[in-house]
K.L.:
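Pasting in a structure now, in structure tokens, and then I'll have a few things to ask.
Remember, it's 1-based here, ligands and their atoms both numbered in the order they're listed. In this chain, numbering begins with 1 at the start of the sequence shown. This one's a predicted model, so the numbers in the text were calculated from it and none came from an experiment.
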Amino acid sequence: MSESCLFCRIVRSEIPADVVAETEKALAIRDINPEAPVHVLVFPKSHVASLIDLKDEAELGHLMALATTVAVEQGVGESGFRTVVNTRADGGQTFNHLHIHVLGGRGMAWPPG
Ligand code: AMP
Ligand code: ZN
């Protein structure tokens, strides 16, 4: 747990969030600044700073499975969606608590602009 970490504070309900799914180990919330009609963040309830810091393969599997379930529940299972994990500075990670972006509801070019 981290005192000031945004995602840890959301887990502790210190900061409000639009929760779309929850398991014993993970939470899925709507991104406050969505870049697509569906933009959900899936993250572990316990503090893990980034993909580099995640030592438990099963936890990664749990998070990716939840991301997929959320995409289907949000109606983009058929049309398709993108999962993104930004890692550390060059990866564009701005909040140091591992999270998977689930983006869908519009076509997305690659590489992103
Ligand atoms: P990243 O740049 O990969 O660390 O992604 C951080 C994401 O968190 C960005 O897409 C932000 O829009 C999002 N974000 C920041 N603050 C909040 C918040 N209070 N609730 C939900 N999403 C947030
Ligand atoms: Zn945290």
K.L.:
Is the distance between the ring centroids of His99 and His97 less than 6.0 Å?
P.N.:
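No, the ring centres sit 6.0 Å or more apart.
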K.L.:
Verify side chain to side chain donor-acceptor pair (under 3.5 Å) between Thr23 and His62, making sure each step is shown before the conclusion.
P.N.:
CA-CA 9 Å; Thr23 69; His62 180 80; 2.8 Å; yes
K.L.:
Counting heavy atoms only, which part of Leu6 comes closer than 4.0 Å to ligand 1: side chain, backbone, both or neither?
P.N.:
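Leu6 to ligand 1: side-chain contact only, backbone stays beyond 4.0 Å.
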K.L.:
In Å, rounded to the nearest 0.5 Å, how long is the span from CG of Leu103 to CG of Asp31?
P.N.:
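It is 8.0 Å, given to the nearest 0.5 Å.
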K.L.:
Which residue and non-hydrogen atom of the protein lie closest to atom 20 (N) of ligand 1, and at what distance in Å?
P.N.:
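Ranking protein heavy atoms by distance from atom 20 (N) of ligand 1, first comes Ile32 CB, 3.7 Å.
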K.L.:
Measuring from non-hydrogen atoms of Ala17 to any atom of ligand 1, is the shortest distance under 4.0 Å?
P.N.:
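Outside the 4.0 Å threshold, so no.
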K.L.:
Out of all atoms in ligand 1, which are within 4.0 Å of some heavy atom of Ile29? Include the element for each.
P.N.:
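Those atoms are 21 (C).
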K.L.:
Would you mind checking which non-hydrogen protein atom is closest to atom 1 (P) of ligand 1, with the distance to 0.1 Å?
P.N.:
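It is His99 NE2, 3.1 Å.
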K.L.:
Hey, which atoms in ligand 1 end up nearer than 4.0 Å to a heavy atom of Asn33?
P.N.:
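In order of number, 12 (O).
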K.L.:
What protein heavy atom sits nearest atom 8 (O) of ligand 1, and how far off is it?
P.N.:
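Going atom by atom, the protein heavy atom closest to atom 8 (O) of ligand 1 ends up being Leu41 CD1, 3.6 Å.
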K.L.:
Has ligand 1 got any nitrogen or oxygen that is less than 3.5 angstrom from a nitrogen or oxygen of Ile10?
P.N.:
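Among all N and O atoms of Ile10, none is under 3.5 Å from an N or O of ligand 1.
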K.L.:
Would the distance check show the side chain of Arg12 and the main-chain N or O of Glu3 forming a donor-acceptor pair, the cut-off being under 3.5 Å?
P.N.:
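Yes: the side chain of Arg12 pairs with the backbone of Glu3.
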K.L.:
Given that the side chain starts at C-beta and the backbone is N, CA, C, O, which of these parts of Arg30 lies under 4.0 Å from ligand 1, counting heavy atoms, or is it both or neither?
P.N.:
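The answer is the backbone.
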K.L.:
Are any of the N/O atoms on Phe95, whether in the backbone or the side chain, positioned under 3.5 angstrom from an N/O atom of ligand 1?
P.N.:
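Yes, at least one N or O pair falls under 3.5 Å.
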K.L.:
Determine whether a donor-acceptor pair (N or O, by modelled atom type, separation under 3.5 Å) exists between the side chain of Glu14 and the backbone of Arg9.
P.N.:
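Checking the backbone N and O of Arg9 against the side chain of Glu14, no donor-acceptor pair under 3.5 Å is found.
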K.L.:
How large, to 10°, is the angle at the Zn ion (ligand 2) when you draw lines to ND1 on His47 and to ND1 on His97?
P.N.:
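Rounded to 10°, it measures 110°.
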K.L.:
I'd like to know if Lys25 and Asp56 make a salt bridge, using a cut-off of under 4.0 Å between side-chain N and carboxylate O.
P.N.:
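Salt bridge flag = no for Asp56 with Lys25.
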K.L.:
May I ask you to identify the nearest protein heavy atom to atom 2 (O) of ligand 1, giving residue, atom name and distance to one decimal place in Å?
P.N.:
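Protein heavy atom at minimum distance: Thr94 OG1, 2.7 Å.
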K.L.:
So which heavy atom on Ala17 is nearest to which on Ile29, and how close?
P.N.:
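Taking every non-hydrogen atom into account, CB-CG2, 3.9 Å.
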K.L.:
Is the backbone N or O of Met108 less than 3.5 Å from a side-chain atom of Arg82, with the two atoms forming a donor-acceptor pair by type?
P.N.:
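Checked: pair present.
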K.L.:
If only atom types and distance count, is the side chain of Gln74 paired as donor or acceptor with the main-chain N or O of Val76 below 3.5 Å?
P.N.:
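The answer is no, because no donor-acceptor pair under 3.5 Å joins these two groups.
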K.L.:
Would you check the N or O atoms of Ile15, main chain and side chain alike, for any that come under 3.5 Å of an N or O of ligand 1?
P.N.:
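No: no nitrogen or oxygen of Ile15 is under 3.5 Å from one in ligand 1.
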K.L.:
Suppose we measure from atom 12 (O) of ligand 1 to each protein heavy atom; which comes out shortest, and what is that distance?
P.N.:
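The protein heavy atom lying closest is Asp31 OD1, 2.6 Å.
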